Each structure stands twice: as structure tokens, then as C-alpha cells.
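Values in this document were obtained by computation on a predicted structure and should not be read as measured data.
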Amino acid sequence: MRITVCAIGRMRDKNERALADEYLARATAQGRNLGITDVSVIELEARKDSDQEAEALLAAVPDNAVIIAMDEHGGQKSSRDFAAWLDTLKDDGNRDIAFLIGGADGHGRAVLDRARAKLSLSAMTWPHMLARIMLLEQIYRAISILSRHPYHRD
């Protein structure tokens with residue numbers, strides 16, 4: 001299974017980039033033992049409106065990908081529940097999982113219509129770059145939980 005985080009906006013701050021890259025590298029390395037062959041990030045330029053951004057996001061991920069829209073109105077999961085959910089998606093034979101992070105105005109209708117699920121990281125509002133880092137950390141944490149690595153402690 002491949003996991004892609006596809007986001008509107010480019011991470012320019014070197015400290016944010018370093019933290020995102022660290023979680024990405026950890027998830028990629030540890031995920032191989034679980035059959036997660038790749039974890040990647042695709043960054044797209046902001047567009048005129050959320051509908052154009054939605055088209056760009058959907059065009060950037062494989063056609064058969066399970067789409068998860070990161071959305072402030074989405075459901076929330078504990079880290080263990082998130083890990084179990086990813087494991088179920090993998091075990092169900094899904095080859096591609098794509099987490100989509102929209103622009104400043106959220107997702108366009110096309111993403112919301114195609115999404116299998118909407119997921120929120122918190123009831124609070126977070127800047128998009130921090131949300132991306134938090135999502136990458138949770139992907140790494142989920143992989144750690146599934147591989148019984150001591151990173152996650154209850």
C-alpha cells in the first residue's frame with residue numbers, strides 16, 4: 001500500500017520542512033515492514049478557488065486511491081483507532097490511500113464528493129502547514145503502533 005499526503009501550498013519554512021521530512025522519513029522506513037511501500041507528499045500551488053484546487057488535488061493522486069479529505073468537520077480518531085483504520089484499509093486490498101489537505105477555503109465539492117471519509121485532527125483550527133506535520137506524525141505513529149514500536153505510549 002502507498003500513502004500520499006497531497007496538499008495545497010508549499011512548505012517554505014525550513015524548520016517546518018525539516019520536521020515534516022523527519023516524520024516522512026520515519027514513516028517510510030518503518031512502513032516497509034508492514035507492506036506500506038511508500039509514504040510521500042505532493043505539494044500543489046494554490047488556485048483561484050477551492051473547486052480548481054479540488055480538481056488539481058484529485059488529478060495528482062492515482063485514480064483508484066481511497067480519498068480521505070482532511071476537513072475541520074470530519075470525524076476524529078484516537079491514534080490507536082487511526083492505526084487500526086489504516087491497517088483495515090491495507091488489509092482490504094487498497095493499494096493507494098490519499099490524504100487531501102485543501103487550501104485556505106477548504107475543499108471544493110469534487111473532493112468532498114469523492115472522499116470515502118472526512119477526517120479532522122482536532123476541533124481546533126490549525127494552520128495548514130502545522131496540520132500537514134501533525135498528519136505526517138500521526139501516520140508515523142500509526143505505523144509505529146502497528147509494528148509494536150515503543151514510540152507510542154498509552
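- Taken from CD1 in I133 to CG in L121, the straight-line distance is 11.5 Å, to the nearest 0.5 Å.
- Rounding to the nearest 0.5 Å places CD1 of I97 at 9.5 Å from OG1 of T4.
- Between L119 and F82, the closest side-chain pair of non-hydrogen atoms falls below 4.5 Å.
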Does the pair T88 and D91 meet the rule for a side chain to side chain donor-acceptor pair (under 3.5 Å), with working shown? CA-CA 5 Å; T88 298; D91 289 348; 5.9 Å; no
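- Ionic pairing of E43 and R17 is present here: one or more N-O contacts between side-chain nitrogen and carboxylate oxygen are shorter than 4.0 angstrom.
- The closest donor-acceptor contact from the side chain of E45 to the backbone of I8 lies at 3.5 Å or more, if one exists at all.
- If you check the side chains of S120 and E72, you find no donor sitting under 3.5 Å from an acceptor.
- The side chain to side chain donor-acceptor pair (under 3.5 Å) check on D51 picks up nothing, with sequence neighbours excluded.
- Below 30°, between 30° and 60°, or above 60°: for F99 and W85 the angle between ring planes is above 60°, a perpendicular geometry.
- To the nearest 0.5 Å, atoms CZ (R132) and CD1 (I101) are separated by 6.0 Å.
- For R10, the CZ atom sits in a packed shell: over 12 heavy atoms of surrounding residues, nucleotides or ligands are nearer than 6.0 Å.
- Counting non-hydrogen atoms of neighbouring residues, nucleotides and ligands closer than 6.0 angstrom, the CZ atom of R116 reaches no more than 12 such neighbours.
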Start with the C-alpha distance between D96 and V66, add both sets of side-chain angles, then the distance that settles side chain to side chain contact (heavy atoms under 4.5 Å, CB included), and finish with yes or no. CA-CA 6 Å; D96 289 286; V66 173; over 6 Å; no
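- For Q138 and S79, the side-chain atoms include at least one donor-acceptor pair closer than 3.5 Å.
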